[in-house]
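The structure appears below as structure tokens.
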Amino acid sequence: MSDAGYDHAAVERRWQEAWDDEGAYRTPDDVDDPTYVLGMYPYPSGKLHMGHVRNYTITDAYARYRRMTGDEVLHPMGWDAFGLPAENAAKERDTNPRDWTFDCIDTMRDQMEAMGFGYDWDREIATCTPEYYKWNQWLFSRFHDEDLVERRDAEVNWCPECETVLADEQVEGEAELCWRCDTPVEQRELEQWFLQITEYADELLEDIDDLEGWPNSVRQMQRNWIGRQHGTELEFAIEGHGSVEAFTTRVDTIYGATFFALAPDHPISEELAAEDDAVHEFIEHEADPEGDEPNGVETGLTATNPVTGEEIPVYVADFVLSDVGTGALMAVPGHDDRDHAFAEKMGVDIDPVIAPSEDEVPDVSEEAFTDDGVLVNSGEYSGLDSETARERLTEDIDSAEEATQYQLRDWGISRQRYWGTPIPVIHCDNCGPVMVPDEDLPVELPEFINTTGNPLDAAEEWKQTTCPDCGGEATRETDTMDTFVDSSWYFLRYVSPDSEDVPFDLEQANDWMPVDQYVGGIEHAVMHLLYSRFFTKVIADHEGLEHREPFTNLLAQGMVQLEGEKMSKSKGNVVSPQRIVEEYGADTARLFMMQAAQPERDFDWSEEGVRSTYAFLTRLQGMVEDYTANEPDGDDDAIASYVDAEIDATIAIATDEYDDLTFNKALRETQDLVRTLRQYVDSTEPHADTYERGLSAVVRLLAPVAPHLAEELHDALGNDGFVVDAEWPTANVDYDYVAKRRRLVENTREDVRQIIDIAGIDDPQAIDVVIAPDWKYDALEIAIESDAPNLIGELMGESHIREQGDAAASYGQDLQAEREALSMTLEPDEEHAALESAAWLIEREFDAPVSVVRADAVDDSVLKNAEPGRPAIEIAD
RNA sequence: GCGAGGGUAGCCAAGCGGCCAACGGCGGCGGACUCAAGAUCCGCUCGUGUAGACGUUCGUGGGUUCGAUUCCCUCCCCUCGCACCA
């Protein structure tokens, strides 16, 4: 490396201080409906990683872009500050989660400032503060008021050695050992608090259709997660055990039900186990719900088919899951793959009752026929199509009714941990669980106690309290909330982060919400994004929020990889943002990432790429420096007009791309313009206004991504005020014109190259570029507009075309041949001007004079190759 | 198995009815600059071709169209999500 590059550290420090002094990124409360740009807030681990940098560079660049186009922008940041890692770290370091968390927050905030992210830090929130989590508790009470909270038994992972509940990720390996003491983990039933998200299942599902600003993948994942299925619930009678409810989506196959199956933990299975050794043995030892092979045991009982009255054998089978449907099913081996496999194994009948068509009964002995079709062997229902049969049977069977099943379960929010929001409940022996009254909120966390179990359980003094209802002795709930509760409404808190009497200012939220652009990782496709939608809907129904969806546009950003692999500590392939910022500066890191790929795609980190990005910024800085030190004095000539047009083109394209968040394309155009400007300054004395307009445009087009250097150069170019507040550059031409002009110039240059190459011209002496005669443009226009069958005839109707004689006939035939594909080119004058202004590029390349001439200045023989959009080219060697 | 997104020149990757042998980048080749290297800049990079042409290409096989990389169908392959889901 010969040249060191610009002094990024000084530039970045200077502007970060200047922004800070001016409060450049504050969004006052009185602005009207700002553009709300939000990145998913991070867990304060203490270190910014490349994924964060990419995430927040995207939101920052977009926020800055929208701001420069004149929008008010809301771009806040905060901390998902509760969570288990803080507890673990506190134990390891013999401190407490709170101090550790705030240390991490301070470090990460500094790192974010070093990256130049333009946040309104006055709106910063941290979910672990009582000012924030008070409102988690308050919202919990409101959910309770609306009967959306339930307390019931649920299974949890339990380590008997540590006497604590473990999260799934703390259970290690196939053997399911505790991560701390390697004791085998047990399942335990504990009373848990649930939020009844299933009450909103239908709306959550149906509204996905309207989330047009979301990626399809995320929408589909949410649909799958909710997993709604319409079907029929009906009863089969089992002798001695009464009626058993079964759910099926294929009641049309009921005549083919040849056995009935119960989940191993179905109540009837458990009853049977008590009296039947074989069933007991199966449930305790053989059942393997995880295995691929369906296993089962015959009970000796029969179930009565409610339609046919037939008695079919009842099995207890491990492929039947108690949490799917009703945990009991009518099995139709002829038309269900899994039932088929089981029937084959156990030797149960397999009967076809659905056929592809009436006279084509399928052979189901080898394989089930699972499509809808026409009913056969189905008594009075034979001949009906599946759909109609389902409706009729559901109507006709006494015990049957339409039913909808969901895969979505209620949301268990109880966590037996310290570092979370205390669930605001008091347990009283007389009154049961009682909500803490609103005026007593927040229930604050007590001091952290380093213990093996739940520290809240050990905080005796905190735990002992009195019942709000009866005043008797009572104890506090010691569970805390899942941290996904915190993140389900944080985007509302930014609207009025200091509100003391309400979680958020309703009027302000109605004006400012929803979030216009949300950006984050795909790992939150279901949980966080679904819970946030749920909270938003509940708050809309009961707290007056006028929005039912929180995020209008969602971008799931791709991963930053190294050699095709995800960066991870365990692989040791982590590139540290700190090191990059120190070596090359934040602007380089940001620019490299944004130009490397579209935001939603994965891309490889490349040190080479970073270096060349840094070199680009250094060169640009040098260009501006040279310009201001020594202002050029060239003419406003043809070359200047070419450069001017290219500036317009770049602005037009880059602006479109910024709108789409395809920064990579916008930046490619911008870098191209820098190249054009360098060619300009290399080949002639530039026209000062034109050159400066170009530099100024480049600086502003880069400003959203490389804000520090942009400020520096904006300042160097003699502007007052921040580039942050500068106006987005505007183009004076439309996109269509730009595209045509560029294509014309590019095609012409290519043609010249090709001729020189093919004809083997070593040293061209002069190059003439000849615009087609006006009549050809007229003819083209007529050809495009005409729908006459005989185009030549129509053209010859025009006297000024007819008098061209053979040339007209010949061109007319060309037009006729390509008639369907014709499109308008630039006007002759526009074409002339475009080529004239681009002639220098050809001169520069071939070192020969180029003249762009009009048709009337040359001999007819030259003109035969000239067409609108494609000039004739004559090269003298 | 179901669902979503993909398969484009040596590699990565745009295009998504005619302007397409197909943007851009990487790699490779040649040239300018340099004492040299690096950086930078300019070309070339499917085949043939002594004036801008022609031929064969965009997973496979069909189809629609005057015309398909672009639209429809079949099949094959990849990635992601869900799944003994009744």
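Here is how names work: the chains are called A, B, and so on, in the same order as the sequence lines, proteins then strands, and each is numbered from 1. Heavy atoms only: backbone and side chains are in, while hydrogens, waters and symmetry mates are out.
Distance noted for atom P between rA32(B) and rA68(B): 45 Å (whole Å). Of the P atoms belonging to rG67(B) and rU56(B), the separation is 16 Å, rounded to the nearest Å. Separating the C1' atom of rU8(B) from that of rC12(B) is a span of 12 Å, rounded to the nearest Å. A gap of 24 Å separates the P atoms of rG62(B) and rC78(B), to the nearest Å. Across rU45(B) and rA22(B), the matching C1' atoms stand 14 Å from one another, rounded to whole Å.
Contact annotation: R619(A) side-chain N/O to rA39(B) OP1/OP2 distance is not under 4.0 Å. Neither OP1 nor OP2 of rG3(B) sits under 4.0 Å from any side-chain N or O of N224(A). For the OP1/OP2 pair of rG43(B) and a distance below 4.0 Å, the side-chain nitrogens and oxygens of R753(A) include at least one atom meeting the criterion. Within the structure, a side-chain polar atom (N or O) of Q679(A) is placed less than 4.0 Å from OP1 or OP2 of rC42(B).
Of all nucleotides present, none satisfies the Watson-Crick or G-U wobble test against rU50(B) with each distance under 3.5 Å.
Aromatic ring centroids of Y315(A) and F260(A) lie 6.0 Å or more apart.
The pair E657(A)-R668(A) does not count as a salt bridge, with every side-chain nitrogen at least 4.0 angstrom from each carboxylate oxygen.
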